[in-house]
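This report concerns only the one structure given below.
When reading the values below, keep in mind they use all heavy atoms of this one structure, side chains included, and skip hydrogens, waters and symmetry mates. Along the sequence shown, residues are numbered consecutively beginning with 1.
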Amino acid sequence: MDDPFTTTRDPSRRADRYQRVAGEYYDLAKAAASPFLRAYYQRTAEDYRVRAQGELRVLEREGASTAGRSER
(Lines give C-alpha, C1' and ligand atoms only; values in the text may rest on other atoms or scores of the structure.)
Protein backbone atom coordinates (compact mmCIF):
# COMPACT_ATOMS: atom_id res chain seq x y z
CA MET A 1 0.00 0.00 0.00
CA ASP A 2 1.29 3.46 -0.88
CA ASP A 3 1.99 5.83 1.97
CA PRO A 4 0.06 9.07 1.29
CA PHE A 5 2.52 11.08 3.39
CA THR A 6 5.55 10.30 1.23
CA THR A 7 3.87 11.53 -1.95
CA THR A 8 3.07 14.94 -0.49
CA ARG A 9 6.00 17.20 -1.22
CA ASP A 10 4.59 20.47 0.11
CA PRO A 11 5.45 20.80 3.83
CA SER A 12 2.35 22.89 4.57
CA ARG A 13 0.04 20.28 3.06
CA ARG A 14 1.91 17.53 4.88
CA ALA A 15 1.64 19.46 8.18
CA ASP A 16 -2.10 19.91 7.63
CA ARG A 17 -2.51 16.22 6.94
CA TYR A 18 -0.51 15.26 10.03
CA GLN A 19 -2.62 17.61 12.16
CA ARG A 20 -5.83 16.17 10.73
CA VAL A 21 -4.69 12.60 11.44
CA ALA A 22 -3.60 13.63 14.95
CA GLY A 23 -7.09 14.98 15.56
CA GLU A 24 -8.62 11.72 14.40
CA TYR A 25 -6.44 9.76 16.81
CA TYR A 26 -7.26 12.14 19.66
CA ASP A 27 -10.95 11.51 18.97
CA LEU A 28 -10.35 7.76 18.97
CA ALA A 29 -8.53 8.09 22.29
CA LYS A 30 -11.48 9.93 23.82
CA ALA A 31 -13.93 7.25 22.64
CA ALA A 32 -11.80 4.21 23.51
CA ALA A 33 -13.24 1.96 26.20
CA SER A 34 -9.96 0.20 26.90
CA PRO A 35 -7.19 2.03 28.79
CA PHE A 36 -4.65 0.26 26.56
CA LEU A 37 -6.28 1.53 23.36
CA ARG A 38 -6.76 4.98 24.85
CA ALA A 39 -3.04 5.22 25.61
CA TYR A 40 -2.10 3.80 22.21
CA TYR A 41 -4.29 6.30 20.33
CA GLN A 42 -3.00 9.13 22.50
CA ARG A 43 0.64 8.26 21.76
CA THR A 44 -0.10 7.95 18.06
CA ALA A 45 -1.86 11.32 18.03
CA GLU A 46 1.08 12.90 19.81
CA ASP A 47 3.48 11.41 17.26
CA TYR A 48 1.52 12.94 14.39
CA ARG A 49 1.35 16.28 16.20
CA VAL A 50 5.14 16.29 16.57
CA ARG A 51 5.50 15.43 12.88
CA ALA A 52 3.25 18.36 11.98
CA GLN A 53 5.39 20.69 14.10
CA GLY A 54 8.49 19.42 12.30
CA GLU A 55 6.95 20.22 8.93
CA LEU A 56 6.03 23.70 10.14
CA ARG A 57 9.64 24.22 11.23
CA VAL A 58 10.73 23.29 7.70
CA LEU A 59 8.43 26.00 6.37
CA GLU A 60 9.87 28.53 8.82
CA ARG A 61 13.42 27.66 7.77
CA GLU A 62 12.53 27.86 4.09
CA GLY A 63 10.86 31.22 4.67
CA ALA A 64 13.88 32.51 6.58
CA SER A 65 16.30 31.34 3.91
CA THR A 66 14.16 32.85 1.15
CA ALA A 67 13.90 36.13 3.04
CA GLY A 68 17.66 36.16 3.60
CA ARG A 69 18.29 35.71 -0.10
CA SER A 70 15.91 38.48 -1.13
CA GLU A 71 17.54 40.98 1.26
CA ARG A 72 20.94 40.61 -0.40
Minimum heavy-atom distance Ala29-Arg38, with the two atoms named | O-CG, 3.2 Å

Euclidean distance, Arg51 CZ relative to Arg14 CZ, rounded to 0.5 Å = 10.5 Å

Separation between CZ of Arg17 and CD of Glu55, rounded to the nearest 0.5 Å | 11.5 Å

Taking atom OH of Tyr40 as the centre, does the number of heavy atoms from other residues, nucleotides or ligands within less than 6.0 Å exceed 12?
-> no

Salt bridge (charged side-chain N to carboxylate O under 4.0 Å, His left out) between Asp27 and Lys30, intermediate numbers included = CA-CA 5 Å; Asp27 291 342; Lys30 284 190 260 181; 3.6 Å; yes

Shared hydrophobic cluster, Tyr18 / Val58 (ILVMFWY, side-chain heavy atoms < 4.5 Å) | no

Residues Arg43 and Glu46 bridged, charged N to O under 4.0 Å | no

Heavy atoms only: give me the nearest Ala52-Ala15 pair and the separation to one decimal.
-> CB-O, 3.7 Å

Transitive ILVMFWY side-chain link Tyr48 to Leu37, under 4.5 Å | yes

Compare all side-chain heavy atoms of Tyr26 with those of Gln42 and state whether any distance is below 4.5 angstrom.
-> yes

